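As structure tokens, the structure follows; a few thoughts come after it.
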Amino acid sequence: MKKILVSTGGGDCPGLNAVIRAVTKSAQHSGEWEVWGSMEALNGVMQDPPDLIRLTDENTAGIHVKGGTILKTTNLGNPLEYPVQQADGSWVKMDITPKLAERIRSLGFEVLINIGGDGSQRISQALWENGLPVIGVPKTIDNDLHATDLTFGFTTAVQIATDSFDKLVTTAESHHRVMIMEVMGRDAGWIALQTAVAGGAEICLIPEIPFDLEKIMETIRERYKTGRGFVNIVIAEGAKPKGGKVIGVRSGNKAEEHIKLGGVANYLRVLLEEAGCPAQVRATILGHVQRGGTPVAFDRILATAMGVKAFELVEEGSWGRMVSFKNNEVTSVAFSEVEKQPKLVNPDHYLLRIARSSGISFGD
Ligand code: F6P
């Protein structure tokens, strides 16, 4: 039997387990391949002894319904910038992908299926360039990859955010309050935009359109003309005022390099209060709730289709490619063609036009 290694890297995302199950089922049916999982992204293969799990119909049965990943994941230990201790005790970041590719081969694997976001796919490409057959499967709740129209996890995140939004509408209405709900998405406003349209927000603030406080106040004043209004605002974590900066702090853990976005809802609350907002303002930050729980049906289907496609690429020997969903087709794209910049909300995007026409202000 030939052996496939599967790994899930970066942040978790509803649908990862459905991909793992689909790869395992397809391989089992082929009768030619065994599937193994590396625990905690590719850290599992780097350990001695390696931390691997044989994936079978038995231990993957029904997992498509569960959020998270049975293989666990991490965004620490990036092999492209791996901290290696020097003889003098200092630490230097090194690209250990050549060693990692060799290690995976030496464990008898013919191919790696690497399920992950932009960071993980950069690792996929590096391993492929080091001679390891690799197939990538994209994931992110942010839906910010150019190479695919959709990523699984995004629709679930939008559903969770919309359910939360609906709950905030009834409390805004009861108290005549301004309620601000902050959603994830990093530099992209996709979750915020879709949630605002689905929920019927009065105001939606996204990173791509820096906001003007006075414009937001105009919308709010208009809603309170009769004295008994209410306003629901959706704000993306990466939104910022015109000429201002994103709100976030560096982690206290030195191994985490990215600025952790979060808190712009509270920042906006204070700005509105100081500007004389005619109502009380409250802020809710949804955070990781958006990544948890069971995937919605669409994400289970998309993730299953992507897992099946990944195995088809294995059977064809089409290495160095990432599965993608384009124009309603599950297809694939070469790693070399995967754009490194995030896919942002384009000013001409049809959904922006629809949002504006349905009365949503973007604070611009
Ligand atoms: O990329 C997915 C995402 O959930 C972003 O929306 C968010 O900014 C980030 O990950 C949070 O990362 P972490 O789980 O490391 O805090």
Side-chain angles (χ1 to χ4, degrees), residues 158 160-248 261-287 289-290 344-364:
V158 170
I160 293 168
T162 303
D163 291 345
S164 308
F165 181 89
D166 292 347
K167 294 184 170 91
L168 290 171
V169 169
T170 57
T171 168
E173 202 172 359
S174 305
H175 283 270
H176 307 295
R177 278 180 174 159
V178 173
M179 301 298 268
I180 308 171
M181 184 177 87
E182 180 179 315
V183 298
M184 283 184 163
R186 272 193 324 213
D187 303 322
W190 297 111
I191 298 177
L193 175 60
Q194 290 219 353
T195 302
V197 173
E202 280 71 41
I203 299 170
C204 175
L205 304 173
I206 60 175
E208 295 86 343
I209 307 178
F211 60 82
D212 176 339
L213 183 63
E214 193 37 46
K215 296 280 182 215
I216 299 174
M217 286 298 291
E218 270 171 31
T219 307
I220 294 175
R221 282 194 208 103
E222 185 62 26
R223 290 274 298 177
Y224 282 88
K225 246 187 188 158
T226 61
R228 305 195 78 73
F230 67 96
V231 169
N232 284 89
I233 303 177
V234 179
I235 187 166
E237 61 182 358
K240 51 191 171 308
K242 276 188 182 153
K245 287 197 185 128
V246 292
I247 305 290
L261 294 176
V264 69
N266 277 314
Y267 172 70
L268 178 64
R269 176 179 60 76
V270 175
L271 289 182
L272 292 176
E273 287 164 351
E274 286 175 355
C277 184
Q280 285 182 308
V281 189
R282 294 291 184 269
T284 303
I285 301 176
L286 287 191
V289 162
Q290 293 158 93
L344 302 180
V345 177
N346 182 307
D348 304 324
H349 194 271
Y350 80 94
L351 204 51
L352 264 185
R353 182 170 43 80
I354 283 164
R356 288 190 196 275
S357 298
S358 58
I360 299 175
S361 159
F362 285 84
D364 59 339

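What you see is a predicted model; the values in this text were computed from it and never measured.
Atom CZ of Phe230 is separated from atom CG of Leu168 by 12.0 Å, given to the nearest 0.5 angstrom. In this structure, Asp364 CG and Lys242 NZ are separated by 6.0 Å, a value rounded to the nearest 0.5 Å. Rounding to the nearest 0.5 Å places CG of Asp187 at 8.5 Å from CD of Glu237. To the nearest 0.5 angstrom, Cys277 atom SG is 9.0 Å from Arg221 atom CZ. We find the CD1-NZ distance between Ile235 and Lys240 to be 11.0 Å, quoted to the nearest 0.5 Å. Atom-to-atom distance recorded for Asn232:CG and Ile360:CD1 is 11.0 Å, nearest 0.5 angstrom.
With Thr219 contributing its side chain and Lys215 its backbone, the two residues share a donor-acceptor pair below 3.5 Å. Remark: the backbone N or O of Leu271 is not paired with any side-chain donor or acceptor of Glu274 at under 3.5 angstrom. A donor-acceptor pair under 3.5 Å links the side-chain atoms of Glu208 to the main chain of Val345, judged by distance alone. With hydrogens and angles disregarded, a donor-acceptor distance shorter than 3.5 Å links the side chain of Glu182 to the backbone of Gly263.
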Q: Step by step, work out the side-chain contact (heavy atoms from CB on, under 4.5 Å) result for Met217 and Leu272.
A: CA-CA 7 Å; Met217 286 298 291; Leu272 292 176; 3.8 Å; yes
Q: Apply side-chain contact (heavy atoms from CB on, under 4.5 Å) to Met181 and Thr195, showing your working.
A: CA-CA 10 Å; Met181 184 177 87; Thr195 302; 3.9 Å; yes
Q: Test side-chain contact (heavy atoms from CB on, under 4.5 Å) on Val231 and Tyr224 and set out the steps.
A: CA-CA 9 Å; Val231 169; Tyr224 282 88; 3.8 Å; yes
Q: Go through the steps for Val264 and Ile285 under the test side-chain contact (heavy atoms from CB on, under 4.5 Å), then give the verdict.
A: CA-CA 9 Å; Val264 69; Ile285 301 176; over 6 Å; no
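Considering all non-hydrogen atoms of both residues, Asn266 and Ala283 come closest at OD1-CB, 3.5 Å. A pairwise comparison of heavy atoms in Gly199 and Thr162 identifies N-CG2, 4.3 Å as the closest pair. Residues Met179 and Ala172 approach most closely at CG-CB, 3.4 Å, considering heavy atoms. The two residues Pro207 and Ala236 make their nearest non-hydrogen contact at CD-CB, 3.6 Å. Minimum interatomic distance between Leu268 and Phe211 (heavy atoms only, all atoms of both residues): CD1-CE1, 4.1 Å. Of all heavy-atom pairs spanning Ile180 and Ala265, the tightest one is CD1-O, 3.6 Å.
Under a 4.0 Å N-O distance rule, the pair Glu222/Lys225 qualifies as a salt bridge.
Side-chain contact between Pro241 and Leu213 is absent, with no heavy-atom pair separated by less than 4.5 Å. When side chains are defined from C-beta on, Ser164 does not count as touching Thr284, because their heavy atoms never get closer than 4.5 Å.
Just one residue in the list Leu205, Leu352, Ile203, Ile216 forms a side-chain contact (heavy atoms from CB on, under 4.5 Å) with Phe362, and that residue is Leu352.
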